[in-house]
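Some notes on the structure that comes next.
Below, read A as the first sequence line, B as the second, and so on, with proteins coming before strands; counting in each chain starts at 1. Below, each value reflects all heavy atoms present in this structure, side chains not excepted, and no hydrogens, waters or symmetry copies.
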Amino acid sequence: MKNYDFAEVEAKWQKYWDEHGTFKASDDHSKPKYYNLVEFPYPSGHGMHVGHIKAYSGLEVVSRKRRLQGYNVLFPIGFDAYGLPTENTAIKDNIHPRVVTDRNIELFTSQLKKVGFSFDWSRVIDTTEEGYYKWTQWIFLKMFENGLVFRDKTLVNYCPSCKVVLSNEDSQGGKCDICHSDIVQRTKEVWYLRITEYADKLLEGLETVNYLPNVKLQQQNWIGKSTGAFVNFKIKEFDESLRIYTTRPDTLYGVTFMVIAPEHPIIQKYRDQITNIDALDAYKAECAKKSEFERTQLVKDKTGVKIEGLTAVNPITKKEIPVYISDYVMMGYGTGAIMAVPAHDERDYEFAKKFGIDIIEVIKGGDISKAAYTGDGEMVNSGVLNGITNKKDAIAKMLDELAKLGCGEAGVQYKMKDWAFNRQRYWGEPIPIVHCDTCGMVAVPYDELPLKLPPVENFEPGTDGESPLAKIESFVKCSCPKCGKPARRETDTMPQWAGSSWYFLRYCDPHNDKEFASKEALEYWMPVDWYNGGMEHVTRHMIYSRFWHKFLYDLGLVNTSEPYAKRTAQGLILGTDGEKMSKSRGNVVDPNDVVKQYGADVLRLYVLFMGDYEKAAPWSENSVKGCKRFVDRVWGLQDKLTDSDDYSDALRSNMHKTIKKVSEDIEAMKFNTAIAAMMTLLNDMYNAGSVTKREFRDFLIILYPFAPHITEELYEACGFGGVLSEQEWVSWDEALCVDATVEIVCQINGKIKCKLNIPKDSSKDEMIALAKEQAEIAEAMAGKSVVKEIAVPGKLVNIVVK
RNA sequence: GCCGAUGUGGUGGAAUGGCAGACACAGUAGACUCAAAAUCUACCGCAGCAAUGUGUGCGGGUUCAAGUCCCGCCAUCGGCACCA
């Protein structure tokens, strides 16, 4: 036997699979299907790092196993290639982003192929290709047609460094998701997708899918549905009312003041009648200056100004109450105005203490002289509500009262906001809308799609948040599709998340130029059976794509209401220093280096063996060597092969147990213990001194999804017939997973005294009797009385004595 | 502040309430070698010569039996963050 030349063997089988189309998803729709999806990468100039490899290796193993189980497997890959880093490289090096993108895709493709992933390379997607983004624009126009696209001039998140408007999802924590600089709030007219219209559907859909619990929870929190009531408070001085949203209408009797956001429109409406308008303007200006960071730092110190000239009237008590402006009330949530109940809300309490406002207790249970009480209790000082002890009843009763008075009704609110859908940059899908002075916003006709990106000399964004496209007159100038008069094209492009919001549908039918995918292909392949990716996409890509899919479902264009039946997430690979891998820290591991030095099979095994798949774990070069040793020992096993076509007595139950363990662990994503079980089996095979043909063949099959190259090679070298990737997955016999005898432990008062080999089906009485015969047990029991005897079949005997 | 997760040897990590530390890494000793690497064999939680004791973040509890279940803390990580 010659030494294992992994470079030669891996190249050989990668070529074989490629030439034979081994992993092409079949068009034969009579076979049972399985659709595994991994998040397609953004092709950056740095190439892939080992984190990508781990992210794809999980479902890679599942895909290879499924094929052996007889499924028609769709395991596609593509590139989510629009985005700022590519554009920034283009600007810096003065190369067209198309060229940069093609170069990066080529780099990623060669890396992925070297690892031997079983992707269907005939279905590769590139979101920046005309044949693809045509359909991204097409879906956008469908949304436009159905009233889900609108423009609005409001406060937006703006990144001064990237010079783009960001969605709420892209500015989490007040930082730009692309460059991590501080976000500022700006008033700007931008595009929105009405995702809030789907808030309830997105929430309800979570009940029907199999996602990791924390994935569901994060989405629920992001959508942030709350139920409560809208209440109108009359303004004494004018024929006007101030509408608020509250989750606690039961506390209406405790309202002693109101607070509105500094930007609330009522201030502008009555600015001539408000006597301290200068003070209000000054406060508003001060708030606008504060960064997101400062606002969160000042949580404990409430500020605000009383509005002189506006007095509100509590609709239930008819009492007159003051109105304040304060930045602890946000214009973007609810109605931008609140009723303040200082006795039972911590923020209102702090505000009332600072401004010397009355605090009226309406729920018993706390000490409101010390702090706000937010718990439950008996209603007091609350007129018709007095004596009610249940919050639900109190709310219901109050809603009745409000209805009678005609000044309020039940309502719901969401934290999720509409999706700011635009970038003021070049490298994105052009938004296919024309602005006409006569007709307003007009859709580009469907037969003119794709609306192509024009050639540009200079990709630099404009200074005042304008897209580079705005500078290209030939692009901007057009005629209105409706009335034919001169008009202007929209120059914003779509955000990075557009292309990835429907890519899983395109994989079903990637070369279709008549539809985004044929109905037949969608019906066969959808939904995605298993989707794996990173936790960082849970509240963006996942929600966005579920929204697009549900929209298409409502139009009858897709056949399932949810795109993903199951969602899991892999943990990060950290650097050897235990820190997140990053270029600046210099702790990034390049998969190419590992493949070159140890081989693709070793890399694949290690990223799955290094720890719990869902948890973060640091890279360790030494542990990579451990996997290399394992692979070499597998290679060496061919020298121990006997002629027998059956399992040997020595290894029979071991084989069944390991096949069972590996089969089940793959389904549970416990790849580390699956590999450990195969290592144990391999050690046992070496200890047995020989291995039968059947044992070796079955071992190669269960190892194949993890280490496909060496197993294919050995399968061929041992003459088992055919190629391994076309064999069937092995089954196990539950009855043969148990040994004839088992080792049990004998304990006295829970302390181990001795161990004992007994027949596996011994009864409890037999076990206890046998245990008592043991010298160690007899000795420990001498002179003591037995309190209790416990026997657990196959495990232990415990005798409690006194 | 709220929500969630995690806490086990020198390291990564295993353990349907039933022998804690599987599997691997590192380490120690030995074999092979002129030598080294590779490989193979043995040992390998801590304390102790040993018998033995002790041990899964901390403090309680349930149980014949707790890493695992319950109560109360602490720490680390992640998400949200004045959401009315």
Side-chain donor or acceptor of Tyr211(A) paired with backbone N/O of Leu217(A) under 3.5 Å: no
Could you work out the separation of G45(B) and G13(B) based on their C1' atoms and round it to a whole Å? 15 Å
For A26(B) and Arg629(A) - does any side-chain N or O of the residue sit under 4.0 Å from the phosphate oxygens OP1/OP2? yes
Does Lys670(A) make a side-chain N or O approach to OP1 or OP2 of A15(B) shorter than 4.0 Å? yes
N/O donor-acceptor pair, side chain Gln218(A) with base C3(B), under 3.5 angstrom: no
Can you tell me how far C1' in G21(B) sits from the matching atom in U8(B), rounded to whole Å? 8 Å
Provide the distance between the two C1' atoms, one in A24(B) and one in A14(B), to the nearest whole Å. 11 Å
Below 4.0 Å: OP1/OP2 of G12(B) and any side-chain N or O of Asn672(A): no
Side-chain N or O of Asn221(A) versus OP1/OP2 of A81(B): is the shortest distance under 4.0 Å? no
Of the listed nucleotides (C25(B), C23(B), C64(B)), which one gets closest to any side-chain atom of Ala676(A)? C23(B)
Name the closest nucleotide to the Tyr328(A) side chain, picking from G18(B), A84(B), C82(B). C82(B)
Ignoring hydrogens and angles, write down the donor-acceptor pairs under 3.5 Å from the side chains of residues 669-676 of chain A, residues two or more places apart or on other chains.
unit_1	atom_1	unit_2	atom_2	d
Thr673(A)	OG1	Asp665(A)	OD2	2.8
Thr673(A)	OG1	Lys670(A)	O	3.0

So does Lys755(A) reach the base of C19(B) with its side chain, donor to acceptor, closer than 3.5 Å? yes
Per atom distances to the Pro618(A) side chain, the nearest of C23(B), G12(B), A22(B) is G12(B)
Tell me the interatomic distance from Ile752(A), atom CD1, to C64(B), atom P, rounded to whole angstroms. 19 Å
Look at all strands and tell whether Asp632(A) reaches a base, only sugar-phosphate, or nothing, counting heavy atoms closer than 4.0 Å. nothing
Would you please confirm or rule out a distance under 4.0 Å between OP1 or OP2 of A84(B) and any side-chain N or O of Tyr245(A)? no
Can you figure out which of A22(B), A24(B), C19(B) approaches the side chain of Phe609(A) most closely? A24(B)
What about Lys795(A), does its side chain sit under 3.5 Å from the base of C19(B) through a donor-acceptor pair? no
Checking Glu621(A) against Trp619(A): is there a side-chain donor and acceptor pair closer than 3.5 Å? no
Treating a pair as Watson-Crick (purine N1 to pyrimidine N3 plus N6-O4 or O6-N4) or G-U wobble (N1-O2 and O6-N3) with both distances under 3.5 Å, list the stems of 3 or more consecutive pairs that involve RNA chain B. B:1-7 with B:74-80, B:10-12 with B:23-25, B:27-31 with B:39-43, B:45-47 with B:52-54, B:57-61 with B:69-73
Span that lies between the C1' atom of C71(B) and that of G78(B), in whole angstrom: 26 Å
Examine Phe351(A) together with Phe257(A) and report whether their ring centres are nearer than 6.0 Å. yes
Shortest side-chain distance from Ala617(A), nucleotide among G12(B), C3(B), A14(B): G12(B)
Is it the case that the side chain of His344(A) and the backbone of Ile363(A) share a donor-acceptor pair, with hydrogens and angles ignored and the cut-off at 3.5 Å? yes
Glu766(A) side chain vs Ser763(A) backbone, donor-acceptor pair below 3.5 Å: yes
P atom, G59(B) versus U54(B): distance in rounded Å? 15 Å
Closest to the Thr673(A) side chain, choosing from A15(B), U54(B), G4(B): A15(B)
Donor-acceptor pair, distance only, cut-off 3.5 Å: does the side chain of Tyr686(A) make one with the backbone of Arg633(A)? yes
Answer with yes or no whether Asn798(A) presents, from its side chain, a donor or acceptor under 3.5 Å of a partner atom in the base of C64(B). yes
